[in-house]
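Input: a single structure, listed below in structure tokens.
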Amino acid sequence: MANYTKRDEVAVIELNNPPVNALSFEVRSGLQNALKSAIDDQDVKCIVIHGKGKNFSAGADIKEFGAGTKQQKPWITDACRLADESSKPVVAAIAGTALGGGLEVALFCHYRIGTPSCRVGFPEVQIGILPGAGGTQRLPRLIGVNSSIDMITSGRHVMAEEAMKLGILDKIVTEDIIEEGVKFAKSVVGLDLAHRILKNRKIEAVSPKVFDDEISRVKKKYKGYIAPLFCLKAIQASVQLPYDASMEQELQLFQHLVGSNQAKAQQYAFFAERTSARWQLPTGANSQNASPLPVKTAGVIGAGTMGAGIALCLITSGIPTVLVEQDQKFLEKGIKTMEGDLRGSVALKKMTAEQAKKAMLILKPSVNFEDLHDVDLVIEAVYENLALKKEIFAKLDKICQPQTILCTNTSSLDIDMIAEATKRMDKVVGTHFFAPAYIMKLQENVYGKNTSAETVATVMALGRRIRKVPVLVGTCESFAANRMLHPYVTEALYLVEEGASPYEVDQVLEDFGMPMGMFRVSDLSGLDIGYKVRREAAKRQGIDLTLGTRFVNGERVCLLADVLVEKGRLGIKSGKGWYNYGSPGKKEAIPDPEVLDIIEEHCRKFGIKKQKISSQEILERMQLALINEGFRILEEGIVSKPEDIDVIWIYGFGWPKYMGGPMFYANEMKLKNVYRKICDFHQKYPFSIHWTPSKLLARLSETDLPISNWTSLINSNSKL
Ligand SMILES: CC(C)(COP(=O)(O)OP(=O)(O)OC[C@H]1O[C@@H](n2cnc3c(N)ncnc32)[C@H](O)[C@@H]1OP(=O)(O)O)[C@@H](O)C(=O)NCCC(=O)NCCSC(=O)/C=C/CCCCCCCCCCCCC(=O)O
């Protein structure tokens, strides 16, 4: 709703829908009524609109866009048209965020003032829609076409200072926002408002080439997403058509998007991220009842690619960090990597040179473990070796303060076994980052059987503070993320043995929307890594893994990647892997006939008959293999909700948000179809253990209920 009060001759309208004042039906109606009252009231000379609490407004209530629900009138435009028509000045007093419809409300006002920390923006594109309440028409009239294209197609938040420079804000105020709003509104009473009404403003002439260029840019940058292209069309309409006609065009484009599958998936992803932040341990402790410990300082052990990346995340978030490496030469190499990454961020305008310099000033490089004596939290990021990790944890246990939290960046080792090396098993936890750690947003936090709720709360809070998306998972072989990767990778190799080329497989995945196909990703990570991991695991389990191995414990094995490694093809680092890169370190992946010959030879050797495999089969086999594993992970309680899996795939492996994530994808396919296809593959490929259908999937598929009901069904155990 919206509250209406008066201060002398000033009407003060408060958008009231905590926590972010989303513009629900009640708020829109309240705003419309309040504006009417203020305009009709002879004593009122000017009007201020502000938001209750910390935010002006985060825009339309996204839940109202849900499938099948109609936006009830009044829409934002209906409510705000009164401001356009008002002869009394209307001032938006912005604290916190004015996003989407929130900024559109502000653009209907004659003036906008904001606090120094306020942010404005049109993030609609990130949830698959466009600013459909005049945003694409009014912003270009205020700040010009080019800046509007940038803001609207990126959805980025603009801070007060930049908003002031762009002309979105008329003033930045430092005192109480309502008081300042009232003062400002009084100061503009009697001024001519004609030029303040944005719909009346002339729009600059822009050549069609600007839009042609932007279409190419946007298609490349936001590959597969339709909303940015629709945003461009709407902005172009603002240039080509009179205001009323272009508003109509904006509405039509909005309506098309709001009903699209992409919007549904992106809005699901928005809420999935927030649902996933609400964690729960098997003990019942959860994000509501556990409090994080303060992390004022941190330590990182290992200045390799992962350690340096993690340290960079910490210092760029203002956390003084000690980076420990046993060897001075490795330490220096790590620091050089960090400096290079920071230079990259400055070049990309993600931070200023000053901010980069400031970050490096709070890094303390060291070759002495004792320097970790006073830090609040340590993240170990040395290579995957249980004995080494245990040794480090035993050492840390002695050096660090009793309350210090000890984290491991292991991607596969047992957290409990590492914790056993200490006398503080409750303070040991996994914080699994994804390469490159400075860029990838996922932080897979792994609890062991003794990890306390306080420790979990601390690493979840730390994740958000260092701009990651933290997800909580339980301990199992490879944890949730990499465990799901296993059947996906295995199926890709089987497809290649059976007749698809690695390049066809990659093309299908990239056409689906993955940023890179599986084989390109393997080349990037280095084929030798998997080779070593497989050999170490085989050694531990007493398994023969020579290149002639076809079955292990009754399960089909494909060691084609290892054949490449033994031929010196390690991926990008050696200039050749599944692709040819010309020379080591080069990134352009060129399909290589030599690889096709190696595959031919491999198949001949084992008498594997090649056949034509359709793109649909490639996609289904790869996606369904990982989806089945996802249901097993859910069934075993390794994650507590399907949203966790989707967030992992979006932020860890680049699953396109417009496809919602693998669990959402399964939901869209209908679980009964997913289950039936998995059963078919199970029958066809009995030697692939990953096709054994998940029991949870089998039971959920009988209910035909949507993804939003799965968690409560799993928890209530009813029908399941
Ligand atoms: C930056 C934030 C605002 C705050 O971040 P933070 O402090 O970290 O807090 P969060 O955890 O993110 O959020 C707190 C809780 O609030 C919920 N939330 C946040 N924003 C919204 C929202 N906009 N709607 C609903 N709920 C919201 C969030 O889920 C949290 O809840 P919980 O704790 O998890 O329960 C950050 O939240 C943020 O970035 N928010 C999103 C900002 C955004 O994307 N804004 C744009 C929204 S879309 C919009 O504004 C569109 C405007 C145009 C409307 C045009 C209408 C035209 C009508 C035509 C209709 C024709 C339709 C015909 C079709 C038919 O047939 O029906």
Side-chain angles (χ1 to χ4, degrees), residues 15 17-28 31 51 53-81 94-108 117-139 151-152 154-159 227 230-231 234 247-260 263-264 266-279 287-288 460-461 463-465 467-470 641 643 647 657 708:
L15 306 172
N17 186 14
V20 294
N21 301 320
L23 301 167
S24 61
F25 166 70
E26 287 76 16
V27 178
R28 297 192 304 272
L31 174 61
K54 289 188 189 142
N55 290 295
F56 182 78
S57 166
D61 186 340
I62 303 169
K63 290 195 185 94
E64 287 186 3
F65 297 139
T69 50
K70 280 234 182 287
Q71 269 267 323
Q72 243 181 300
K73 287 218 162 204
W75 296 342
I76 297 170
T77 37
D78 301 321
C80 292
R81 199 163 293 128
I94 303 172
T97 52
L99 299 174
L103 179 55
E104 284 170 317
V105 169
L107 294 184
F108 271 94
S117 61
C118 78
R119 291 182 281 164
V120 300
F122 282 127
E124 284 88 339
V125 71
Q126 288 161 4
I127 52 167
I129 55 172
L130 57 75
T136 63
Q137 307 307 306
R138 300 172 84 93
L139 191 67
M151 268 182 75
I152 295 174
S154 70
R156 73 185 176 92
H157 294 187
V158 170
M159 300 300 297
F230 274 64
C231 288
M247 281 293 282
E248 188 52 42
Q249 172 84 347
E250 180 195 78
L251 183 60
Q252 278 177 21
L253 293 166
F254 176 87
Q255 279 177 298
H256 183 93
L257 281 180
V258 87
S260 70
K264 187 177 167 197
Q266 286 174 250
Q267 285 160 31
Y268 162 81
F270 173 86
F271 288 114
E273 193 179 321
R274 280 144 187 89
T275 304
S276 181
R278 288 193 282 272
W279 55 267
S287 43
Q288 303 298 309
M460 291 297 281
R464 278 190 295 280
R465 194 167 152 205
R467 305 175 306 279
K468 298 291 175 204
V469 180
K641 42 204 174 319
E643 288 85 353
V647 168
K657 258 193 198 170
S708 49

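Note that ligands are numbered from 1 as they come in the structure, with each ligand's atoms numbered from 1 the same way.
For the pair S57 (side chain) and N21 (backbone), a donor-acceptor distance under 3.5 Å is present. Of the possible polar contacts, one joining the E64 side chain to the F25 backbone as a donor-acceptor pair under 3.5 Å is found. A distance-only check finds no donor-acceptor pair linking the side chain of K468 to the backbone of M460 [under 3.5 Å]. A distance-only check finds no donor-acceptor pair linking the side chain of E643 to the backbone of T275 [under 3.5 Å]. Checked by atom type and distance alone, the side chain of D61 never pairs as donor or acceptor with a backbone atom of L23 at under 3.5 Å. Distance alone, capped at 3.5 Å, places no donor-acceptor pair between the Q266 side chain and the E124 backbone. Panel note: side chain Q137, backbone A234; a donor-acceptor pair is recorded below 3.5 Å.
Between R274, K73, K54, it is R274 that holds the heavy atom closest to atom 28 (C) of ligand 1. Residue nearest to atom 25 (C) of ligand 1, selected from L23, N21, D61, N55: D61 (by heavy-atom distance).
Close contacts between ligand 1 and L251 involve ligand atoms 59 (C) [criterion: under 4.0 Å to a heavy atom]. In the vicinity of Q255, heavy-atom distances shorter than 4.0 Å reach the ligand 1 atoms 61 (C), 63 (C). Those atoms of ligand 1 that come under 4.0 Å of a heavy atom in G100, given as number and element, are 50 (O). Within ligand 1, the atoms closer than 4.0 Å to a non-hydrogen atom of W75 are 58 (C), 59 (C), 60 (C), 61 (C), numbered from 1 in the order shown. Within ligand 1, the atoms closer than 4.0 Å to a non-hydrogen atom of P19 are 14 (C), 15 (C), 16 (O), numbered from 1 in the order shown. Counting the atoms of ligand 1 from 1 in the order shown, those under 4.0 Å from a heavy atom of E104 are 52 (C), 53 (C). For ligand 1 and G59, the ligand atoms under 4.0 Å from any heavy atom of the residue are 50 (O). The distance from ligand 1 to the heavy atoms of E124 drops below 4.0 Å at these ligand atoms: 48 (S), 49 (C), 50 (O), 51 (C), 52 (C).
Residue-level proximity to ligand 1 for V20 is carried by the side chain, the only part with a heavy atom below 4.0 angstrom. With a 4.0 Å heavy-atom cut-off, ligand 1 is reached by the backbone of A60 and by its side chain too.
Residue L130 has no nitrogen or oxygen atom sitting less than 3.5 Å from a nitrogen or oxygen atom of ligand 1, judged on distance alone. Residue A58 places at least one N or O, backbone or side chain, under 3.5 Å from an N or O of ligand 1. Between P123 and ligand 1, not a single N/O pair is under 3.5 Å apart.
No heavy atom of R464 sits closer than 4.0 Å to any atom of ligand 1. In this structure, R278 counts as a contact residue of ligand 1, since one of its heavy atoms falls inside 4.0 Å of the ligand. Residue contacts with ligand 1: F270 is included, with a non-hydrogen atom under 4.0 Å away.
The two atoms that bring A133 and I76 nearest to each other are CB-CB, 3.8 Å, heavy atoms only.
Between the side chains of T136 and E250, at least one donor-acceptor pair of N or O atoms lies under 3.5 Å.
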I62 vs I127, test: side-chain contact (heavy atoms from CB on, under 4.5 Å). Steps then yes/no. CA-CA 9 Å; I62 303 169; I127 52 167; 3.8 Å; yes
